Amino acid sequence: MGERPRQRVDVKALFGLASGGWAWTTAAKATIAMGSSFALSAYLFGPQVGALAALGSMTVLYEKKTPYVHRAIALALVGLGFVTSVALGSLASVSPWSAAVVIGLVAGTATWICQALRVDKPGALFFALVCAISTIAPGGFATVPLHTGVAAIGAAIGWVVSMAGAPFRGRHPEHRAVADAFRQLAALLRAIGTPRLDHVQHDASLAVSTAWRLVLLAQTRGYRDTPTAARLRALLRWVSDIHLAATDVSMARTEPLPDKVAEFADRLAQAVGRPELCPAPEELDEVRRGLRPRSLESRLYGSLARAAQTARKSEHEIEGRGTELYDTRYPPMLDSLRFGLSRESLIRPTALRMGITVTAAGLVGILLGFDRFYWISITTTAVLQGGNVVLTVNRSTQRALGTVIGVFIGVGLLYLHPPLPAVIVLAAVFQGLTQLVVGRNFFYASILMTPMALLLAHTAAPYPLDELAQSRVMDTIVGSVAGMLGALLLWRKAAASRLPQTIVDVLDDARTVVTEVLDPDVEISPERRYRLRRDLRADLLSLRGVYDSAVGDVPRAKTTQPLWPVVVATQRTGYLALAALALDNPPPASQITIQRLDLAFRELSAAMRERRAPRLGALPRLVDYPRINMELRALSSSMRTAVAEEDRAESLLRERRARRESHRAREEADADL
């Protein structure tokens, strides 16, 4: 079993670089968008108002990986959100109190909408930043149309820069998503037989799910019926089948696979956009030699070989395997937003925490006499992007330390009194550098983002530099503390309290899948098979996401940690159910076996829901699916262990409380004497 995820406040978490590459493309686009929008608007309307256009250009930071046809609509909506934020901030600028409330309202609402509609990072941060800066832009109600128009110009320029690759590489985003899925599959094949398997399994499933979503978003009416689109959909289907075949092999094999298998998957990733780089299917003959035709490894190698046959062709037949996705491109927006407000969703407490904390931080800043209270609101928004308590504390520390260093850089540049062209270039460069490193470490991004924000804010509303430096540092410290307090006081157990139900959801979906696959009287249609696979995969990804967030909750993390073996066993059971669903002709089972298996799943779900040890009898013998039996037994055992550890912890807590009460009573008796 893989090592339990750990979230800590330590030197490595604060200053170490996360895995991954540098975002060079995003950095270049951010630099171009901010520089061009700032320069154009400053020339047309003046530098003070032009700063709003620079903020509006941050639309370029959203929807960086989605297909261009979807990105065009999504970025237009993001730009509309920026314009609305500017309008609300300008209207609220009549009073500091109304400005603080509106900034908090924008931060909370943007958090809800971005998470419900799966808008990727930076999420609500720049909506709150745009709204906050617009509250200090010169003018009153009469300048609201001007401010919104300038922000719209910046948003339009960001839209153009983000869409610049469409005429040249119109299908690159979805090709990249499928290629990334093949690369994650290669990592999964390398992880077989190692303790990292469970973690890499989750990453591979996430990559496959992302590829499905992006390819689905790219299915426009004119493109969907082309042989090129059919080839990509067929490759996507093979990606999913290879992943589930690798799942079967990973559960049955304790030794690593030959290196040639993972290298073959890596070369398939290169062939998604360039068929001439595809490996020959015959290269797998050596590793297939001597295997039984119906063995798990043989099925895996066969899927890889057939995926190579598809990838070697530049086109695919319109009719046939892998050409149907059985889903809609755009799920109903109202349904997604409504689910974000439901009791079982983590989005609602996250959005409420954001809105309430940002509003309270701004109001407290006003009461304490901070002239630039809006920096407190912006800092609080940035800090609360972490999610749970531990990550929020990390981001608070990174933000505070990074801002102190960044203030010295920004104020030092402003002391040189650079001309407007230099300010524009410096702001654009700092924006690009921020986006280059923000994915690796928030501390270094804070150092680079602070001079950019100071240049824009000082241009929009000039301020004495000595006071600016002092107030910026104090505002950041207060905002960081406010963010930590919000994470500690508001819904700090949100993820931990939802973890048991998330486990139950996976078990219920796995029970449905397994019983339908084993039942000889049930014929699963392709559409039904797709929806079962989609829903179970989504619940599995949610399970790991909720657990990763729950281990950072305080103090519930101590009761969440023992559930890691339960999460692993549940995850493995779910992926085994998905693998059984992928079989073309799965071996059936008797009705008695299906009923006993159904009762076993239900008992495990009930035990998890009631937080008790499961009373699991003898499991039915599944000759064709032995790993399902093993994982169900492992799940039952891990539940009993988790319940025993929780009971032991509660017993120790009661003993400690009794000793404290006894000691207090003895002290009171001594005092009376």
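It should be emphasised that the depicted structure is a prediction, and the values quoted were computed from it without experimental measurement.
Tyr68 carries Arg71 over the face of its six-membered ring, with the cationic atom under 6.0 Å from the centre and within 45° of the normal. For the pair Arg306 and Tyr301, the cation does not sit on the ring face, since its NZ or CZ is not both under 6.0 Å from the ring centre and inside 45° of the axis. The side-chain tip of Arg534 does not point at the ring of Trp212 from less than 6.0 angstrom away and within 45° of straight on.
Here the rule is side-chain contact (heavy atoms from CB on, under 4.5 Å) with Ile192, and of Leu257, Val200, Thr254 only Leu257 fits it. Among the candidates Asp508, Thr515, Thr573, the single residue satisfying the side-chain contact (heavy atoms from CB on, under 4.5 Å) test with Phe601 is Thr573. Tested against Tyr625, the residues Val517, Leu597, Leu576 include a single side-chain contact (heavy atoms from CB on, under 4.5 Å) partner, Val517. For the side-chain contact (heavy atoms from CB on, under 4.5 Å) with Ser205, the qualifying choice from Leu244, Leu578, Leu188, Leu541 is Leu541, the only one to do so.
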For Asp198 and Arg572, what are the C-alpha separation, side-chain angles and deciding distance, and is it a side chain to side chain contact (heavy atoms under 4.5 Å, CB included)?
CA-CA 8 Å; Asp198 295 301; Arg572 292 179 179 179; 2.8 Å; yes
Would Tyr444 and Leu17 count as a side chain to side chain contact (heavy atoms under 4.5 Å, CB included) if you check the C-alpha gap in whole Å, the side-chain angles of each, and the deciding distance to 0.1 Å?
CA-CA 9 Å; Tyr444 305 112; Leu17 293 176; 4.0 Å; yes
Step by step, would you call Thr25 with Lys29 a side chain to side chain contact (heavy atoms under 4.5 Å, CB included)?
CA-CA 6 Å; Thr25 302; Lys29 289 183 177 181; 3.9 Å; yes
Show your working on salt bridge (charged side-chain N to carboxylate O under 4.0 Å, His left out) between Arg253 and Glu297 and close with a plain yes or no.
CA-CA 9 Å; Arg253 185 182 175 100; Glu297 290 182 35; 2.6 Å; yes
Test side chain to side chain contact (heavy atoms under 4.5 Å, CB included) on Tyr575 and Leu536; report intermediate values, then the result.
CA-CA 9 Å; Tyr575 283 119; Leu536 180 51; over 6 Å; no
Trace of the side-chain hydrogen bond (donor to acceptor under 3.5 Å, both in side chains) decision for Thr310 with Arg231
CA-CA 7 Å; Thr310 302; Arg231 172 184 179 270; over 6 Å; no
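The CG atom of Leu507 sits 5.0 Å away from the OG1 atom of Thr570 when rounded to the nearest 0.5 Å. How far CG of Asp203 is from CG of Leu185: 11.5 Å, rounded to the nearest 0.5 Å. Rounded to the nearest 0.5 angstrom, Leu300 CG and Thr247 OG1 are separated by 9.5 Å. For the atom pair Leu216 CG and Glu174 CD, the distance stands at 11.5 Å (nearest 0.5 Å). If you take CG on Leu563 and OG on Ser638, they are separated by 8.5 Å, rounding to the nearest 0.5 Å. The distance from the CZ atom of Arg537 to the CG atom of Leu532 is 12.5 Å, given to the nearest 0.5 Å.
At least one side-chain heavy atom of Ile242 sits under 4.5 Å from a side-chain heavy atom of Ser303. Looking only at side-chain heavy atoms (C-beta outward), Tyr62 and Pro122 come within less than 4.5 Å of each other. Between Met251 and Leu296 the shortest side-chain heavy-atom distance does not fall below 4.5 Å. Residues Arg596 and Leu599 fail the side-chain proximity criterion, which asks for heavy atoms closer than 4.5 Å. In this structure, Ile503 and Leu543 have side chains that are in contact, with non-hydrogen atoms separated by less than 4.5 Å. Cys278 has its side chain within reach of Leu268: a pair of non-hydrogen atoms, C-beta onward, lies under 4.5 Å apart. Between Arg233 and Arg224 there is a side-chain heavy-atom pair separated by less than 4.5 Å.
Considering all non-hydrogen atoms of both residues, Arg213 and Leu117 come closest at NH2-O, 4.4 Å. Summarising the geometry of Val261 relative to Leu304, their closest heavy-atom pair is CG1-CD1, 3.7 Å, with the distance given to 0.1 Å. Minimum heavy-atom separation, Ala191 to Leu197: O-CB, 3.9 Å. The minimum heavy-atom distance between Leu346 and Thr350, with the atom names listed, is O-OG1, 2.7 Å. The minimum heavy-atom distance between Pro614 and Arg640, with the atom names listed, is CD-CG, 3.8 Å. Between Arg312 and Ala280, the shortest heavy-atom distance links the atoms NH1-CA, 4.0 Å.
Ion pair Glu516/Arg528 flagged as a salt bridge, since at least one NZ, NE, NH1 or NH2 atom sits closer than 4.0 Å to an Asp/Glu carboxylate oxygen. No salt bridge links Arg289 with Glu286; every basic N to acidic carboxylate O contact stays at or beyond 4.0 Å. Between Arg511 and Asp598 there is a salt bridge, since a side-chain N of the basic residue sits under 4.0 Å from a carboxylate O of the acidic one. The residues Asp241 and Arg237 are annotated as not salt-bridged, no charged nitrogen and carboxylate oxygen being separated by less than 4.0 angstrom. Checked for salt-bridge contact, Glu63 and Arg118 miss the test: no charged N lies under 4.0 Å from a carboxylate O. Using a cutoff of 4.0 Å between basic side-chain nitrogens and carboxylate oxygens, Lys260 and Glu283 are not scored as salt-bridged. With salt bridges taken as basic N to acidic carboxylate O contacts below 4.0 Å, none links Glu263 and Arg267. Ionic pairing of Asp266 and Arg190 is present here: one or more N-O contacts between side-chain nitrogen and carboxylate oxygen are shorter than 4.0 angstrom.
For the 3.5 Å distance criterion, the side chains of Ser342 and Ser345 fail to qualify, holding no donor opposite an acceptor. Side-chain atoms of Gln184 and Asp180 form no donor-acceptor pair, as typed in the model, at a separation below 3.5 Å. Counted by atom type alone, Gln201 and His243 present one or more donor-acceptor pairs between their side chains at under 3.5 Å. Counting only N and O atoms by type, the side chains of His199 and Arg544 include a donor and acceptor under 3.5 Å apart.
Within a 6.0 Å sphere centred on CG of Asp535, heavy atoms belonging to other residues, nucleotides or ligands number more than 12. Remark: Trp22 CH2 is packed, more than 12 non-hydrogen atoms of other residues, nucleotides or ligands lying under 6.0 Å away. More than 12 heavy atoms of other residues, nucleotides or ligands sit less than 6.0 Å from atom CZ of Arg609. The 12-atom threshold is not exceeded at CZ of Arg621, counting heavy atoms of other residues, nucleotides or ligands nearer than 6.0 Å. Environment of NZ in Lys65: sparse, with no more than 12 heavy atoms of neighbouring residues, nucleotides or ligands closer than 6.0 Å. A 6.0 Å sphere centred on CD of Glu276 holds more than 12 heavy atoms belonging to other residues, nucleotides or ligands.
Residues meeting the ring-ring contact (aromatic ring centres under 6.0 Å, His included) test with His70, sequence neighbours left out: Tyr330.
With hydrogens and angles ignored, the 3.5 Å screen pairs a side-chain donor or acceptor of Asn441 with a backbone N or O of Gly16.
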